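As the structure is a prediction and not an experimental result, all values here were calculated from the model.
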Amino acid sequence: MLDIDLRNFVLGTVSPVVQYGLYEAQHTSVPHSMYEISAISYLMGSGFDFYTARCIVESWEVNESFPPYQMTMVY
């Protein structure tokens with residue numbers, strides 16, 4: 001039996017992250033967007049709200065990448 005309240009809570013909680021990831025993927029690469037939304041989701045699971053988690057993850061970016069896990073060529 002599906003717990004509808006749990007489903008709605010979980011999907012409602014991650015909805016801003018999904019929307020942000022779709023937006024980011026249009027302006028960066030899909031891998032970059034996936035790193036970003038995964039890190040935001042992890043931090044949210046650790047107790048941070050979406051806005052704070054997003055700010056933390058954004059502070060980790062260097063030239064639209066997350067070194068050393070994702071490298072972007074700088075010309």
- Message: Taking transitive links into account, so neighbours of neighbours count too, which hydrophobic residues share a cluster with Y23 at under 4.5 Å side-chain distance?
- Response: none

- Name all residues meeting the side chain to side chain donor-acceptor pair (under 3.5 Å) criterion together with Y42; count only those two or more places apart in sequence or in a different chain, and write none if there are none. none

- Message: Run the side-chain contact (heavy atoms from CB on, under 4.5 Å) test against A39 and tell me which residues pass, sequence neighbours left out.
- Response: V57, W60

- Task: Kindly give the heavy-atom pair with the smallest separation between S33 and T28, and that separation in Å.
- Result: N-OG1, 4.2 Å

- E61: what forms a side chain to side chain donor-acceptor pair (under 3.5 Å) with it, not counting sequence neighbours? H32

Sequence neighbours left out, cut at 3.5 Å: what donor-acceptor pairs do the side chains of residues 5-18 make with other protein atoms?
from: N8; atom 1: ND2; to: I4; atom 2: O; distance (Å): 3.4
from: T13; atom 1: OG1; to: F9; atom 2: O; distance (Å): 2.7

- Item | Partner of I40 by side-chain contact (heavy atoms from CB on, under 4.5 Å), out of Y35, F48, F50 | F50

- Task: Output the distance between atom CD (E36) and atom CZ (R54), rounded to the nearest 0.5 Å.
- Result: 8.0 Å

- Item | Heavy-atom check, side chain of Q26 versus side chain of L22, under 4.5 Å | no

